Amino acid sequence: MTLMSFTRLLVSILMVGVNLFNYAFNDYAFPAHSTHGAYLFCYFTGNEVSEQTIHLAVSTDGYNFKALNNNEPIIEQTKGTGCVRDPYIFKAVDEKGKDCYYIVATDMNALEGWTSNHRIIFWKSYDLISWEDEYLLDFRQFEGFENCNRAWAPQVIWDEKEEKYMLYLALSEWDDPETAENEDAAQHYYLYTTDFKSFTDPEYLYGRRNESGTREDGYSYNGVQCIDGDMIYNEKDGYYYLYFKEDLTQKIAYVKSKNASGPFNEDYTICSLNWYGVEGSTMYRINGTNAWMMIMDEYGEGTFFAQMTRDFDSFRQVQRARYSVNHLNPRHGSVVSVSEKEYYRLARAYGLQDIK
C-alpha cells in the first residue's frame with residue numbers, strides 16, 4: 001500500500017461520522033472517497049492578457065487542489081490571438097495509437113470583445129509536462145461559417161458507435177460582418193476526427209435558435225444562446241447527457257440522447273443548485289466510485305460551486321468548506337484523472353511541496 005492509499009483509507013474512516021451527519025441533516029452530498037490515482041485541473045484565471053493562459057493544479061482526493069508552477073502559466077502560446085480560454089484537457093491516443101493527453105481551448109482575447117474569435121487551439125503531451133504540436137483550427141474555412149464570430153468552449157468525447165473522437169463546441173456568426181448586424185445566438189455543433197488535424201464539416205448538435213419570448217422581468221429574446229457544453233456518457237442507462245449554460249436563468253441544464261451526435265430531447269432540465277449565475281460546468285468521476293463531481297464557474301462572484309451526482313439527474317451540494325479551488329482564482333476549466341505516477345512526476349517537475 002502506497003502512502004497516498006494509506007492516507008485515503010485513514011481519512012475515509014475518520015470522516016464517516018461527519019459525512020453521515022451532513023448527508024442526513026444538512027442536505028449536503030455524502031462525499032465519495034477516491035480509491036486510486038489523482039486529478040489534474042486545467043484552467044485560466046481572468047480576462048487580462050496575462051490571465052488568459054493555461055494553468056494546472058493537482059489533487060489526490062478530487063476535492064482539494066494545489067497549483068503547479070506557483071499558479072503561473074505552464075504553456076507559452078505562440079499562435080492565434082496569444083490568449084486562451086475554456087481549456088479542456090483529456091486523454092486520447094495519437095494517430096499512431098500511442099497514449100497521450102490533449103488540451104483544446106478557445107483561442108480568444110476577451111479584451112477584443114465577445115464576438116471576436118473564430119478559432120480554437122490544441123496542444124498535445126505525452127508526459128503532461130512538455131506540450132507540443134500547437135495547432136489552430138479556423139472555423140471560417142468551413143462552408144456556412146465564413147462569418148463565424150464565436151468558437152467557444154470546445155470539448156471532446158469518444159463516440160463508440162462512430163469509433164472516432166467527436167469535437168463539439170458553440171458556434172455563431174454575423175449575417176453581415178461589415179456592419180455587425182443580425183448577431184446569431186451561439187448553438188452547439190460537432191465535428192469528427194481521428195488525428196486532431198483533419199475534421200469533418202461542422203454539423204448541428206443542439207440549440208435554441210428558434211425560441212422567442214419575454215421573461216417575467218421584461219427581458220425579450222429572439223433565439224436563446226447555448227454555450228459551454230459538457231457531454232458525459234452514462235454507462236447505466238446508455239444515454240449521453242449534454243450539460244450546458246441555460247442562458248435565460250443563468251443555470252446549468254441538461255438534455256440527453258442515445259447518440260453522442262443526437263438528436264437530443266428538446267425539453268431541458270435545470271440541475272445546478274446554487275443561487276448565483278454560473279457557466280463553464282465540467283464533470284469528472286471520483287476514482288473507484290459511482291459518484292461524479294460537477295464544478296461550475298460562478299463568474300460574477302469569482303468563485304466555483306461544486307455538486308455531486310450518482311445518477312446524472314439528481315444532485316447534492318458539496319460543502320464549500322470541503323472543496324478547495326477558489327485560492328487558484330480559476331475560471332472555466334476541466335479536470336482529468338491521472339495516475340499516481342503522473343501525479344508524482346508533475347509534483348517533482350514543478351517543485352510542489354508537501355506531496356503525499
Side-chain angles (χ1 to χ4, degrees), residues 43-55 77 79-88 104-121 136-140 142 144-155 167-189 202 204-209 211-212 215 217 219-230 243-253 272 276-282 296-304 329-334:
Y43 54 97
F44 73 109
T45 61
N47 293 334
E48 298 300 323
V49 170
S50 61
E51 297 169 331
Q52 296 176 101
T53 47
I54 298 293
H55 298 248
Q77 185 174 347
K79 297 181 178 180
T81 63
C83 293
V84 66
R85 304 173 64 85
D86 320 318
Y88 183 72
V104 60
T106 305
D107 173 50
M108 175 180 169
N109 180 359
L111 299 179
E112 295 179 0
W114 298 108
T115 52
S116 64
N117 88 302
H118 49 91
R119 292 176 295 200
I120 62 174
I121 191 165
L136 284 172
L137 176 62
D138 191 337
F139 282 86
R140 289 185 177 174
F142 295 108
F145 294 90
E146 294 86 354
N147 298 328
C148 179
N149 61 7
R150 293 187 189 91
W152 282 4
Q155 295 198 182
L167 168 73
Y168 57 98
L169 75 165
L171 297 175
S172 66
E173 59 181 342
W174 299 116
D175 282 352
D176 185 348
E178 295 298 323
T179 60
E181 291 182 351
N182 299 322
E183 178 185 335
D184 186 24
Q187 311 289 291
H188 294 302
Y189 289 82
Y204 176 81
L205 182 65
Y206 174 78
R208 299 166 62 193
R209 178 178 286 121
E211 290 187 31
S212 60
R215 289 191 315 206
D217 62 2
Y219 171 74
S220 296
Y221 57 91
N222 184 19
V224 180
Q225 184 154 261
C226 290
I227 62 171
D228 295 351
D230 183 41
Y243 299 89
F244 61 94
K245 180 183 180 181
E246 201 293 294
D247 209 48
L248 298 180
T249 62
Q250 303 293 293
K251 298 286 190 178
I252 302 300
S272 55
Y276 307 117
V278 289
E279 61 187 14
S281 68
T282 189
M296 60 202 79
D297 186 347
E298 295 177 313
Y299 56 90
E301 306 301 313
T303 53
F304 261 59
N329 193 34
R331 301 273 62 84
H332 183 169
S334 57

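These numbers come from a predicted model, not from an experiment.
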Inset, instruction - Look at the aromatic rings of Tyr206 and His188 and report parallel, tilted or perpendicular, splitting at 30° and 60°. - result: parallel
Legend entry - Heavy-atom check, side chain of Leu167 versus side chain of Ile120, under 4.5 Å: yes
Inset, instruction - Starting from the C-alpha separation in whole Å, work towards a yes-or-no answer on side-chain contact (heavy atoms from CB on, under 4.5 Å) for Val278 and Lys245. - result: CA-CA 7 Å; Val278 289; Lys245 180 183 180 181; over 6 Å; no
Inset, instruction - Keeping the roles fixed (side chain from Gln155, backbone from Ala105), state whether a donor-acceptor pair exists under 3.5 Å. - result: no
Inset, instruction - Tell me, with the steps shown, if Ser281 and Asp230 meet side chain to side chain donor-acceptor pair (under 3.5 Å). - result: CA-CA 7 Å; Ser281 68; Asp230 183 41; 4.9 Å; no
Inset, instruction - Let me know which of Lys79, Arg85, Gln77 forms a side-chain hydrogen bond (donor to acceptor under 3.5 Å, both in side chains) with Asp107. - result: Gln77
Legend entry - Parallel, tilted or perpendicular: rings of Phe142 and Phe139 (30°, 60°): tilted
Inset, instruction - Answer whether the closest heavy-atom distance between the side chains of Met296 and Tyr243 falls below 4.5 Å. - result: no
Legend entry - Pairing of Asp217 and Arg215 as salt bridge, 4.0 angstrom limit: yes
Inset, instruction - Check whether any side-chain N or O of Gln52 sits under 3.5 Å from a backbone N or O of Ala110 as a donor-acceptor pair, and report yes or no. - result: yes
Legend entry - Partners meeting salt bridge (Lys or Arg N to Asp or Glu O under 4.0 Å) with Asp228 (sequence neighbours left out): none
Inset, instruction - Could you tell me whether the side chain of Glu279 and the main chain of Gly277 form a donor-acceptor pair under 3.5 Å? - result: no
